[in-house]
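Bear in mind the structure is a predicted one, so any value in this text is a computation, not a measurement. Numbering of ligands and ligand atoms starts at 1, following listing order.
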Amino acid sequence: MNFHVLTLFPEMVMSGLCTSIIGRAMEKGILSLEAVNIRDYTINKHKKVDDYPYGGGAGMLMQAQPVFDAYQAVLEKIHSEGRQGGRVIYLTPQGRTFHQSMAKEFAKEKDLTFLCGHYEGIDERVLEEIVTDYVSIGDYVLTGGELPAMVMIDAISRMVPGVLSNEDSGETESFSNYLLEYPQYSRPEVWRDKRVPKILLSGDHKKVDEWRLEQSIEKTKIQRPDLYEKWAEENQEYFIKKAKREARKRNHMK
Ligand code: 6GU
């Protein structure tokens, strides 16, 4: 996967993503990341990239020319490596809300270009010309598209094969089945008088799995009732099995 980021703050993007798991995947050659400074492409002699909006209104807009030319440079690079351009994602609170399923879809692409806006936005004409996807990362307003691009690149990267180790494949975690993660514990067995739940020390893997699933369900019910409803809808057999288990227990006690 090759990520290209069009931005006025290339150092922010590079420094935020070149560490940790993403950095290692880049060293391994599974991922590449380039941040292209839009300001390098302005034809304005003062290196200006913004101007007032026609019709008036608050703030400044990023102009079409430097954004378009910066994208042409990215496109030429992609073509020179024998590939087609691929999708161009504009980060905007007006876009579709980013979601795990979108991360999985984007992870199948060869090249993804992220366009980060600043000020009050970007001249509509260049958006019409180059953007294929409008994406938001949630219902709040940020000062620019860099953090959203970094959030998306992180989430997409961990869905690219080889980026995570086999043990923690992206599949088994929160949202892949609507349930949140169960609580986890490491050494020591007692910390500040708090014990690790006894079941986890039992060595009974079946019991441990049952306990973890129950914990996941309870946590999801409390923290994310919206996700819980979706899970319950798709896992009705869980409640039937659970009712049968409890009925058996009652019969044993009689
Ligand atoms: Cl993608 N951009 C900005 N500026 N603010 C946001 C956002 C994006 N997603 C949520 N808030």
Just say parallel, tilted or perpendicular for the rings of F3 and F114, cut-offs at 30° and 60°. tilted
- Answer yes or no: does atom NZ of K221 have more than 12 heavy-atom neighbours from other residues, nucleotides or ligands under 6.0 Å? no
| task | Assess whether side-chain contact (heavy atoms from CB on, under 4.5 Å) is satisfied between I217 and W231, documenting all intermediate values. | result | CA-CA 9 Å; I217 293 167; W231 181 84; 3.4 Å; yes
| Ion pair present between R224 and D226, side-chain N to carboxylate O less than 4.0 angstrom? | yes
Do the side chains of V74 and E34 get nearer than 4.5 Å, heavy atoms only? yes
Pairs under 3.5 Å, nitrogen or oxygen of ligand 1 with protein nitrogen or oxygen:
| residue | atom | partner | partner atom | Å |
| --- | --- | --- | --- | --- |
| ligand 1 | 4 (N) | L142 | O | 3.2 |
| ligand 1 | 5 (N) | L142 | N | 3.1 |
| ligand 1 | 9 (N) | S136 | OG | 3.3 |
| ligand 1 | 9 (N) | I137 | N | 3.0 |
| ligand 1 | 11 (N) | Y140 | O | 2.5 |

Scanning both residues in full, the closest heavy-atom pair of G162 with K28 reads O-NZ, 3.4 Å
